[in-house]
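Remarks on the structure that follows.
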Amino acid sequence: MQTLRERVFAFLFPAETDSWLAVLRFGLGLQVTFYSLSLRNDWNYLLAGTGGGLISRDLAEALLSVESHFVPRLGWLVALGARVGLREETVLSVAWICLFAAGCCLLLGVACRFSAILAWFFHLCAAKSGGFVSYGVDNFMTIGLFYLMLSPLPDRYSLDWRLRKSRAKDPQWSRRAPGDMDGRAVRPSERERASQLLGFWRRVLQLHLCLIYFFSGLTKCLGSGWWDGSNMWRALIRPPFNIINSEILAGWKYLFPAAGVFICVLEIGYPFFVWNNKTRKTWLICICAMHAGIGLTMGMYLFALIMIILNVAAFGPGLIRTEQARISLRPQEVIS
């Protein structure tokens, strides 16, 4: 039992650097920035209340209240603004500015923790209040921002880290653990705990992605639409995702069944092959290529970007070092 406990602890709390966190922070900053810019012209139109938008925000929030009264929503901010004499349009514009500013701050690594919390809150408010027009990208952005705001920020590549490092005169700064910003020397035990905490949040993200892909692939395998390619055909010809001419797609009809089977195998095999050092690189490249293909053929660029960011942050860092270590272990050729 003691050995099992130690193995579980070692799996859940591996020693990690903050490279994956830097990828996640920068990638989500890019995602939030692009997300905000894509909605700038239609933000008020999509999220306005009764009579002011495409679909009433009040209706979406009323349905949301049936599930829970504690889920963040824009209605809270509008009601708060009304108490101080602000119009709904003004409050919505301020919410957009805050979301956009949070994305830019994450890109630069400024006020990382506060920016991550701000981005998570305002994005969740927008996604839940605009539930009728939200889709998968909003769910995965919420997941990524949730892990980011709980992780030990800032990372060593952020502007926060560099600015505080330049102000510190302590020669021991270079040996400080990620997340320690109080200006004191860090003990080895504290560095180890910080490294394990980084490893824990990366491990949780990895396990979460494995569950998502496995059950997504399993669901696809249970139906016939992915085996004969009909689901791919319907997805590519359905507005507004029909950016490729149907005549061109008709010429590719024999590729759809093979592509559908490949996607099923790729997703259901994700949790089994992405952990193995020998197959991780291949599986990660295939998954990222699949999402890039979805973005290019269906115009779902933000969805493709968030999925690539989560995958690269979870399993990307360390691949180069692992490959170099594997090559260095090969027996050297002896020249006689």
Side-chain angles (χ1 to χ4, degrees), residues 19-40 42-43 46 72 96 98-109 112 115-131 133-151 153 155 201-202 204-217 220 235 240-241 243 263 266-267 270-271 274 283-317:
S19 298
W20 74 272
L21 186 58
V23 172
L24 186 64
R25 189 256 311 160
F26 183 84
L28 286 174
L30 200 65
Q31 177 78 18
V32 171
T33 303
F34 286 159
Y35 177 87
S36 303
L37 291 175
S38 69
L39 293 177
R40 179 65 190 101
D42 301 316
W43 180 265
L46 294 174
W96 181 87
C98 290
L99 183 62
F100 178 73
C104 293
C105 288
L106 287 177
L107 271 176
L108 298 173
C112 295
S115 299
I117 295 173
L118 202 68
W120 172 82
F121 177 77
F122 281 102
H123 171 263
L124 187 60
C125 286
K128 293 302 180 180
S129 295
V133 292
S134 64
Y135 67 109
V137 65
D138 295 293
N139 295 330
F140 287 106
M141 283 182 66
T142 301
I143 291 171
L145 290 168
F146 178 78
Y147 287 131
L148 181 65
M149 73 176 185
L150 294 180
S151 297
L153 291 165
D155 58 88
W201 286 112
R202 185 184 183 188
V204 173
L205 177 59
Q206 290 172 337
L207 292 172
H208 198 159
L209 287 177
C210 286
L211 290 174
I212 289 171
Y213 280 111
F214 177 77
F215 285 106
S216 174
K220 290 180 175 66
F241 309 116
I243 63 175
I263 290 174
L266 193 62
E267 290 190 351
Y270 186 92
V274 79
W283 228 259
L284 185 61
I285 291 174
C286 289
I287 282 289
C288 291
M290 179 189 73
H291 288 299
I294 292 173
L296 293 174
T297 58
M298 300 179 65
M300 300 172 66
Y301 307 113
L302 288 177
F303 177 77
L305 180 59
I306 186 61
M307 297 308 300
I308 292 173
I309 289 168
L310 293 178
N311 276 281
V312 172
F315 292 102

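The shown structure was predicted, so the numbers you read here are calculated from the model rather than taken from an experiment.
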Tell me, do [X] and [Y] make a side-chain contact under 4.5 Å, heavy atoms counted?
X	Y	result
Ile243	Thr297	no
Asp138	Tyr35	yes
Val32	His123	no
Met300	Tyr135	yes
Leu148	Leu106	yes
Tyr213	Met307	yes
Leu28	Ile306	yes
Trp20	Ser151	yes

What's the shortest heavy-atom distance between [X] and [Y], and which atoms?
X	Y	result
Ala314	Gln206	O-NE2, 2.7 Å
Cys104	Thr33	N-OG1, 3.6 Å
Ile308	Cys288	CD1-O, 3.8 Å
Pro271	Phe214	CG-CB, 3.8 Å
Leu302	Ser38	CD1-OG, 3.7 Å
Ala102	Ser115	CB-O, 3.6 Å

Hey, what do you get for [atom1] ([X]) to [atom2] ([Y]), rounding to the nearest 0.5 Å?
X	Y	atom1	atom2	answer
His208	Ile143	NE2	CD1	4.0 Å
Leu205	Phe315	CG	CZ	8.0 Å
Phe121	Thr142	CZ	OG1	12.5 Å
Glu267	Ile287	CD	CD1	6.0 Å
Asp155	Leu153	CG	CG	6.5 Å
Met141	Ile309	CE	CD1	8.5 Å

For the backbone of Tyr147 and the side chain of Trp201, can you confirm whether one donor and one acceptor N or O come within less than 3.5 Å of each other? no
Any side-chain to backbone donor/acceptor pair from Trp283 onto Leu266? Under 3.5 Å, distance only. yes
When the ring planes of Phe303 and Phe140 are compared, do they come out parallel, tilted or perpendicular, using 30° and 60° as the limits? perpendicular
Would Leu145 and Gln31 count as a side-chain contact (heavy atoms from CB on, under 4.5 Å) if you check the C-alpha gap in whole Å, the side-chain angles of each, and the deciding distance to 0.1 Å? CA-CA 10 Å; Leu145 290 168; Gln31 177 78 18; over 6 Å; no
Begin from the C-alpha positions of Leu118 and Leu99 and carry the test side-chain contact (heavy atoms from CB on, under 4.5 Å) through to its verdict. CA-CA 7 Å; Leu118 202 68; Leu99 183 62; over 6 Å; no
Are there over 12 heavy-atom neighbours, none belonging to Lys220, within less than 6.0 Å of that residue's NZ? yes
